[in-house]
Amino acid sequence: MRSYYITTPIYYVNDVPHIGHAYTTLACDVLARFMRLDGAKVFFLTGTDEHGQKVEKSATAAGMTPQQFTDKVSANFRALGPALDFSNDDFIRTTEPRHVKASQAIWQAMAAAKTPLGNDNIYLDAYRGWYAVRDEAYYDESELSTGPDGKKRAPSGAEVEWVEEPSYFFRLSDWTQWLLDFYRDNPAAVGPQTRLNEVRSFVSQGLHDLSISRTTFGWGIKVPGDDKHVMYVWLDALTNYITAAGYPEIDGEKFKTFWPADLHMVGKDIVRFHTVYWPAFLAAAGLPTPKRVFAHGWWTIEGQKMSKSLGNAVEPLKLVEQYGLDQVRYFLMREVPFGQDGDFSRAAMIRRTNTDLANDLGNLSQRVLSFIAKNAGAAVPTPGDYVDADRTMLAATAGLLDAARSELEQQNFHKALEAIFATIADANRYVDGQAPWSLRKTDPARMATVLYVLVETLRRVGLVLQPFMPSTMAKLLDQLAVPPTARSFAAWDQSLVPGTALPPPSGLFPRYVEEPPASKV
RNA sequence: UGUGGAGUGGCGCAGCGGUCAGCGCAUCGGCCUCAUAAGCCGAGGGUCGCGGGUUCAAAUCCCGCCUCCGCAACCA
């Protein structure tokens with residue numbers, strides 16, 4: 001049985017969940033559901049990143065211990081799961097004991113091994129640089145400007161000072177060529193293509209060693225053998241992917257089944273961490289590297305960048321409340337080519353809901369099923385011989401699974417949906433072309449054949465759309481009397497049995513009405 | 001500045017050397033009446049960023065320019 005391990009990034013608890021978080025996890029959820037239906041053994045992971053100086057400070061500001069603080073905020077992210085029908089198999093928190101253990105283990109594995117050039121992977125030195133206390137950030141010399149008072153300032157205007165602190169370093173510089181070879185030999189390791197280009201160009205410039213410990217704060221995982229240091233948050237964070245797979249038990253069943261991961265889904269802001277540092281860390285520790293990292297784009301809101309100062313972040317739970325869960329899931333996967341930036345607007349959300357879901361799919365289902373309920377004995381009709389139009393229609397739907405599979409292998413969610421909805425449009429044309437309402441009087445046998453072709457079309461559409469809209473498609477399949485045992489892709493060709501009684505149909509997707517009709521007095 | 005990408009009907013996109021440059025949405029006209037005022041058919045609408053060049057033929061290749069976006073290290 002094929003295994004499939006897919007991860008979201010772990011979300012930084014200093015944030016409030018917004019549409020971007022929901023988007024990343026949703027994309028993973030669709031893939032996880034698809035793979036499960038397709039017969040794979042799936043492990044779908046998400047979670048929260050809970051260490052670091054910012055968390056420590058936020059906790060203090062909130063009058064809590066860091067642990068209390070992260071317990072509280074982590075729950076906000078966890079709550080996204082049930083609300084959005086996420087089917088993750090695990091939810092990891094970097095403050096859990098299993099993760100502390102794994103992080104220290106990978107550190108030790110890295111420390112015990114040599115770089116491709118024969119040097120120690122980890123060494124102790126000092127981190128030096130221009131530090132802006134106000135920004136809590138280091139700046140490069142080239143970014144600084146000198147003010148009239150002779151003081152150096154960061155681009156933000158904050159004063160900087162020269163700071164040195166002891167730090168362990170990862171000898172990333174020795175991995176430059178190894179990484180370039182890795183990208184050359186594994187072009188599918190980074191997607192979309194444009195991100196791979198960026199990463200290669202970045203690495204080609206040569207890599208500096210990476211500071212991987214801090215001594216200026218304490219909210220982190222202690223460096224093995226040197227309690228004064230905590231691990232750099234990114235080393236800690238990235239390690240979550242192997243923690244959840246059971247690391248350091250590399251001979252365990254779970255690790256052997258699921259590592260290396262099939263896909264790390266990330267936002268475009270964290271590509272470098274996942275495609276440069278992470279493969280290097282893993283290779284340094286003697287572990288296999290993930291098969292693919294895919295970076296999606298950002299959402300703007302009504303044409304504007306999402307930002308804290310604008311306060312325009314869209315809360316996923318409110319979206320679902322307003323437009324409906326599957327409507328939101330559909331919109332996010334359909335509206336924008338996955339990998340590119342896109343815009344979330346109220347008008348676009350309503351347009352997708354009404355044109356694609358209510359008019360095309362929902363109405364197709366309704367017109368077919370209610371016709372059967374009224375004119376065909378409320379049961380799966382019995383088909384006669386097929387004519388060309390029937391065969392064309394059936395062939396179109398039969399091909400949808402392969403089409404969806406190959407698009408999703410490349411994370412082309414929008415194209416998978418485009419293909420499915422093109423067939424839904426075909427089905428509406430087919431209804432008009434065959435006009436069962438006329439056949440009812442002239443040729444009932446022919447009418448039954450047409451209706452059978454249509455319910456079969458709906459069955460397959462319902463099956464293949466399950467990963468995208470699980471609850472509504474369950475409803476559709478219920479209305480088609482498809483038994484729960486016949487809803488995986490293994491049942492793709494398991495046609496409906498003529499004569500099976502069908503329950504009374506009800507609408508799948510209500511139209512979104514902008515304003516309730518004014519009640520005239 | 002370097003590097004990668006993008007500029008195509010009102011909007012969002014596809015096409016990437018050769019049928020009158022397509023598709024979705026929106027607009028307008030018609031048909032049907034099974035259906036969620038849904039469905040179907042048709043129409044209008046584009047100097048394919050600008051200027052050169054290559055070619056029998058360019059949105060599609062080459063050169064230059066303009067505009068926009070990503071990346072250019074410790075920022076989750």
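None of the values given here were measured: they were computed from a predicted structure. What's counted below: heavy atoms across the whole structure, side chains too, no hydrogens, waters or symmetry copies. Each chain gets a letter, A, B and so on, in the order the sequences are listed, and its residues count up from 1.
Residue contacts for Gly206(A): at a heavy-atom cut-off of 4.0 Å it reaches a base atom on one of the strands shown. Here Glu418(A) lies out of heavy-atom contact (under 4.0 Å) with every strand. Residue contacts for Asp209(A): at a heavy-atom cut-off of 4.0 Å it reaches a base atom on one of the strands shown. Using a 4.0 Å heavy-atom distance criterion, Leu369(A) is classed as making no nucleic acid contact. Within 4.0 Å of Arg440(A), counting heavy atoms only, lies no atom of the nucleic acid at all. Contact annotation for Ile270(A): backbone-only contact, meaning every heavy-atom pair under 4.0 Å involves sugar-phosphate atoms and none involves a base.
Between Arg171(A) and Asp125(A) there is no salt bridge, since no side-chain nitrogen of the basic residue lies less than 4.0 Å from a carboxylate oxygen of the acidic one. With salt bridges taken as basic N to acidic carboxylate O contacts below 4.0 Å, one links Asp426(A) and Arg429(A). A salt bridge is absent between Asp360(A) and Arg352(A): the closest approach of a Lys/Arg side-chain nitrogen to an acidic carboxylate oxygen does not fall below 4.0 angstrom. A salt bridge links Glu198(A) to Arg195(A): one of the charged nitrogens lies within less than 4.0 Å of a carboxylate oxygen.
Aromatic ring orientation, Tyr277(A) versus Phe273(A): perpendicular (interplanar angle above 60°, classes split at 30° and 60°). Using the six-membered ring where Trp is involved, Phe344(A) and Phe331(A) have ring planes that are perpendicular, over 60° apart on the 30 and 60° scheme. Between Trp175(A) and Phe170(A), the two ring planes are parallel [angle under 30°; tilted spans 30° to 60°]. Taking the six-membered ring where the residue is Trp, Trp219(A) and His51(A) present perpendicular rings, their angle passing 60° and hence far from 30°.
Of the N and O atoms on the side chains of Tyr330(A) and Asp356(A), at least one donor lies less than 3.5 Å from an acceptor on the other residue. Inspection of the Gln53(A) and Arg214(A) side chains reveals no N or O donor paired with an N or O acceptor under 3.5 Å.
Counting to the nearest Å, the C1' atom of A73(B) and the CZ atom of Phe281(A) are 12 Å from each other. Between the CG atom of Asn428(A) and the P atom of A38(B) there is a distance of 13 Å, rounded to whole Å. Spacing between atom CG of Leu172(A) and atom C1' of A73(B) amounts to 9 Å, rounded to whole angstrom units.
Taking atom P on both nucleotides, C65(B) is separated from U3(B) by 12 Å, rounded to a whole Å. Between G30(B) and C13(B), the two P atoms lie 33 Å apart (nearest whole Å). Using atom P as the reference point in both G10(B) and G42(B), the two lie 23 Å apart (nearest Å). Comparing the same atom, P, in G49(B) and in U60(B) gives a spacing of 8 Å after rounding to whole Å. Between the P atoms of C16(B) and A21(B), the separation comes to 15 Å (whole Å). Remark: the separation of the P atoms in G24(B) and G39(B) is 13 Å, to the nearest Å. Taking atom P on both C71(B) and G18(B), the two are 34 Å apart, rounded to the nearest angstrom. Taking the C1' atom of each, A58(B) and U8(B) are spaced 14 Å apart, rounded to whole Å.
Across all strands shown, U19(B) forms no Watson-Crick or G-U wobble pair with both distances under 3.5 Å. Look at U54(B): it lacks any Watson-Crick or wobble partner with both distances under 3.5 angstrom. Nucleotide C48(B): unpaired (no Watson-Crick or G-U wobble partner with both distances less than 3.5 Å). Remark: G4(B) base-pairs with C69(B); criterion is Watson-Crick or G-U wobble with both hydrogen-bond distances under 3.5 Å. Judged by Watson-Crick or G-U wobble contacts below 3.5 Å, the nucleotide G10(B) has C25(B) as its partner. Here C40(B) sits opposite G30(B) as a Watson-Crick or G-U wobble pair (both hydrogen-bonding atom distances under 3.5 Å).
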Protein N or O to nucleotides 35-37 of chain B N or O, pairs below 3.5 Å:
{"from": "A35(B)", "atom 1": "OP1", "to": "Lys374(A)", "atom 2": "NZ", "distance (Å)": "2.4"}
{"from": "A35(B)", "atom 1": "O2'", "to": "Asn363(A)", "atom 2": "OD1", "distance (Å)": "2.5"}
{"from": "A35(B)", "atom 1": "N3", "to": "Asn363(A)", "atom 2": "ND2", "distance (Å)": "3.1"}
{"from": "A35(B)", "atom 1": "N3", "to": "Arg367(A)", "atom 2": "NE", "distance (Å)": "3.4"}
{"from": "U36(B)", "atom 1": "O2", "to": "Phe509(A)", "atom 2": "O", "distance (Å)": "3.3"}
{"from": "U36(B)", "atom 1": "O2", "to": "Arg511(A)", "atom 2": "N", "distance (Å)": "3.4"}
{"from": "U36(B)", "atom 1": "N3", "to": "Phe509(A)", "atom 2": "O", "distance (Å)": "2.5"}
{"from": "U36(B)", "atom 1": "O4", "to": "Gly362(A)", "atom 2": "O", "distance (Å)": "3.3"}
{"from": "U36(B)", "atom 1": "O4", "to": "Leu508(A)", "atom 2": "N", "distance (Å)": "3.2"}
{"from": "U36(B)", "atom 1": "O4", "to": "Phe509(A)", "atom 2": "N", "distance (Å)": "3.1"}
{"from": "U36(B)", "atom 1": "O4", "to": "Phe509(A)", "atom 2": "O", "distance (Å)": "3.3"}

Taking only nitrogen or oxygen atoms into account, show me every contact under 3.5 Å that the protein makes with nucleotides 3-6 of chain B, one pair per line with its distance.
none

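Side-chain atoms of Arg292(A) and Asn186(A), non-hydrogen and from C-beta on, never get closer than 4.5 Å to each other.
Tested against Arg334(A) for a side chain to side chain contact (heavy atoms under 4.5 Å, CB included), the candidates Leu357(A), Leu417(A), Ile420(A) yield a single pass: Leu417(A).
Comparing Ala425(A) and Ile212(A) along RNA chain B, the residue whose closest nucleotide (by nearest heavy atom) sits nearer the 5' end is Ala425(A). Of the two residues contacting RNA chain B, namely Arg195(A) and Asp269(A), the nearest-nucleotide position lying further toward the 5' end is that of Arg195(A).
Of the inter-residue distances, the one linking Tyr127(A) atom OH with Glu165(A) atom CD reads 8.5 Å to the nearest 0.5 angstrom.
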- Query: Where along nucleotides 22-31 of chain B does protein come under 4.0 Å, by heavy atom, of base (B) or sugar-phosphate alone (S), with - for untouched nucleotides?
  - Reply: ---S------
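In the set C34(B), C74(B), A14(B), the nucleotide with an atom closest to the side chain of Gln340(A) is A14(B).
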